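Only one structure is covered here, and it is reproduced in the block below.
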Amino acid sequence: MSDTLLGGPAASESSNVPASPPASPPADQGGPANGDWTASLPDDLRGVAEAKGWKEPADALRSYAHLESVFGADKAGRTLLMPKSGEDAEALDKIYSALGRPEKPDEYGFGELFGDQEINRDLTAGMAKVMHEAGLSKAQAHRMAKAYDEIYQAETAKREQEFQAEMDRAEASVSPEKLEMGRRLFRLFGLPEDERKAVSRAVESSLGVERAINLFATLAHKIGEDRLVDGADPVGGVSSPAGAERRMAERMNDKSFLDRYLQGEPTAVAEIEELAKRVAQK
């Protein structure tokens with residue numbers, strides 16, 4: 001028998017007998033035991049996978065893809081965590097700041113908002129404090145302040161129109177004598193014009209215009225009676241010729257009084273006659 005048949009050396013390259021097939025490759029010694037794909041992961045990552053319940057690598061990739069869609073690179077630095085509750089001040093402060101709330105209430109800049117317009121500084125400072133506590137951004141605070149100012153101005157104009165209408169009704173229903181007596185009362189006070197108007201407006205707004213006029217007239221009448229009893233001058237305290245001359249000029253420049261005088265209204269005529277007597281004493 002030949003050496004080949006007897007199991008001798010392998011046939012030469014020229015032999016036609018095929019060589020034995022190679023043995024199967026050994027199993028992958030580094031793969032996970034029992035199909036556990038997380039076995040090769042570090043402990044911390046393996047814990048994450050177990051906590052998430054990921055059964056295979058695809059689960060982890062799906063989770064990552066989802067996170068990237070929500071917190072992608074274009075959203076970097078623009079994500080915020082919801083507060084645990086309404087009492088989570090730290091989380092709320094971060095949200096308010098991110099939305100544009102200034103660091104301090106006085107940084108809302110209401111002065112620049114209203115410019116030269118006269119505003120109540122104490123009121124705006126109080127509003128700024130409350131707005132800051134509520135977490136309003138500067139833009140939100142400005143919008144609210146402007147809206148409040150517009151509402152306030154509209155309401156003020158409305159009240160002024162209503163007051164003027166009430167004044168017109170009162171002047172039409174109250175006698176000229178009472179109106180003049182009320183005016184005399186304020187002249188006796190010796191107040192500057194702007195202060196007289198302020199006092200008159202305050203009383204009229206509180207009591208109502210017609211009731212206030214009647215009250216002023218009654219007081220003026222009582223004061224006049226007292227002055228007569230004391231022997232004082234009956235024409236509003238004018239005791240000198242120079243004073244009477246000034247009063248007469250004032251009355252003649254008062255269109256309402258002048259109309260009454262020219263129409264022969266007794267009270268107006270009597271006052272001018274008395275003043276004329278005083279002037280004649282010069």
Side-chain angles (χ1 to χ4, degrees), residues 63-173 182 186 189 191-216:
S63 178
Y64 173 80
H66 175 70
L67 287 175
E68 190 176 62
S69 67
V70 176
F71 301 102
D74 63 318
K75 301 178 181 65
R78 296 192 292 116
T79 56
L80 294 170
L81 292 177
M82 291 294 293
K84 297 175 183 178
S85 68
E87 305 301 321
D88 190 352
E90 182 178 355
L92 288 171
D93 282 343
K94 290 180 179 178
I95 292 174
Y96 296 153
S97 296
L99 293 177
R101 184 182 73 172
E103 292 186 8
K104 300 177 182 179
D106 58 10
E107 294 177 0
Y108 277 119
F110 289 137
E112 68 186 53
L113 174 66
F114 292 105
D116 296 334
Q117 180 180 337
E118 184 177 349
I119 61 175
N120 186 325
R121 302 292 175 179
D122 292 336
L123 174 62
T124 55
M127 289 175 57
K129 184 176 182 297
V130 174
M131 290 176 174
H132 194 267
E133 292 173 351
L136 270 63
S137 67
K138 186 173 181 178
Q140 290 172 321
H142 278 206
R143 183 173 181 181
M144 287 195 66
K146 287 292 287 184
Y148 173 82
D149 181 64
E150 290 170 1
I151 293 172
Y152 175 80
Q153 296 295 341
E155 286 298 314
T156 299
K158 179 182 177 182
R159 288 196 298 271
E160 185 62 31
Q161 290 176 351
E162 292 173 348
F163 180 78
Q164 188 58 51
E166 188 178 357
M167 285 285 292
D168 294 341
R169 289 193 298 270
E171 290 185 357
S173 61
F186 279 95
F189 289 158
L191 297 174
E193 180 68 17
D194 57 341
E195 292 185 17
R196 290 206 304 269
K197 288 182 178 180
V199 173
S200 176
R201 176 64 181 266
V203 178
E204 289 166 343
S205 297
S206 177
L207 299 179
V209 176
E210 186 170 347
R211 186 179 177 188
I213 291 174
N214 288 325
L215 174 62
F216 296 155

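Everything quoted here is computed from the prediction, not taken from an experiment. Every heavy atom of this structure was used, including side-chain atoms; hydrogens, water molecules and symmetry mates were not.
For the side-chain contact (heavy atoms from CB on, under 4.5 Å) test, residues two or more places apart in sequence or in another chain that qualify with Thr156 are Tyr152, Arg159. Residues passing the side-chain contact (heavy atoms from CB on, under 4.5 Å) test with Met167 are Phe163, Gln164, Glu171, Glu204, Val209, sequence neighbours excluded. Arg169 meets the side-chain contact (heavy atoms from CB on, under 4.5 Å) test with Ala165, Glu166; sequence neighbours excluded. Judged as a ring-ring contact (aromatic ring centres under 6.0 Å, His included), and not counting sequence neighbours, the contacts of His142 are Phe110. Residues satisfying the side-chain contact (heavy atoms from CB on, under 4.5 Å) test with Asp149, not counting sequence neighbours, are Phe114, Gln117, Gln153. For the side chain to side chain donor-acceptor pair (under 3.5 Å) test, no residue two or more places apart in sequence or in another chain qualifies with Gln161.
No more than 12 heavy atoms of other residues, nucleotides or ligands shown are found within 6.0 angstrom of CD on Glu103. Sparse packing is recorded around CZ of Arg143, with 12 or fewer heavy atoms of other residues, nucleotides or ligands lying under 6.0 Å away.
Using a 4.0 Å cut-off between charged side-chain N and carboxylate O, Glu160 and Arg201 make a salt bridge. A salt bridge links Glu112 with Lys138: the distance from a Lys NZ or Arg NE/NH1/NH2 to an Asp or Glu carboxylate oxygen falls below 4.0 Å. Ion pairing between Glu133 and Lys129 holds under the 4.0 Å rule for side-chain N and carboxylate O.
In terms of modelled atom types and a separation under 3.5 Å, the side chain of Ser97 and the main chain of Asp93 share a donor-acceptor contact. Without hydrogens or angle criteria, His132 side chain to Arg101 main chain gives no donor-acceptor distance under 3.5 Å. Proximity of a side-chain donor or acceptor of Tyr108 to a complementary backbone N or O of Leu136 within less than 3.5 Å is detected. Formation of a donor-acceptor pair under 3.5 Å by the Ser173 side chain with backbone atoms of Ala170 is found in this model.
The distance from atom NZ of Lys94 to atom CG of Leu92, rounded to the nearest 0.5 Å, is 11.5 Å. Atom-to-atom distance recorded for Met131:CE and Thr124:OG1 is 9.5 Å, nearest 0.5 angstrom. Here the CD1 atom belonging to Ile151 is positioned 12.5 Å from the NZ atom belonging to Lys158, to the nearest 0.5 angstrom.
At a threshold of 4.5 Å between non-hydrogen side-chain atoms, the residues Leu123 and Met127 count as touching.
Scanning all heavy atoms of the two residues, the minimum distance from Pro105 to Ala128 falls at O-CB, 3.6 Å. Shortest non-hydrogen contact noted between Leu99 and Ser137 is O-CB, 3.3 Å.
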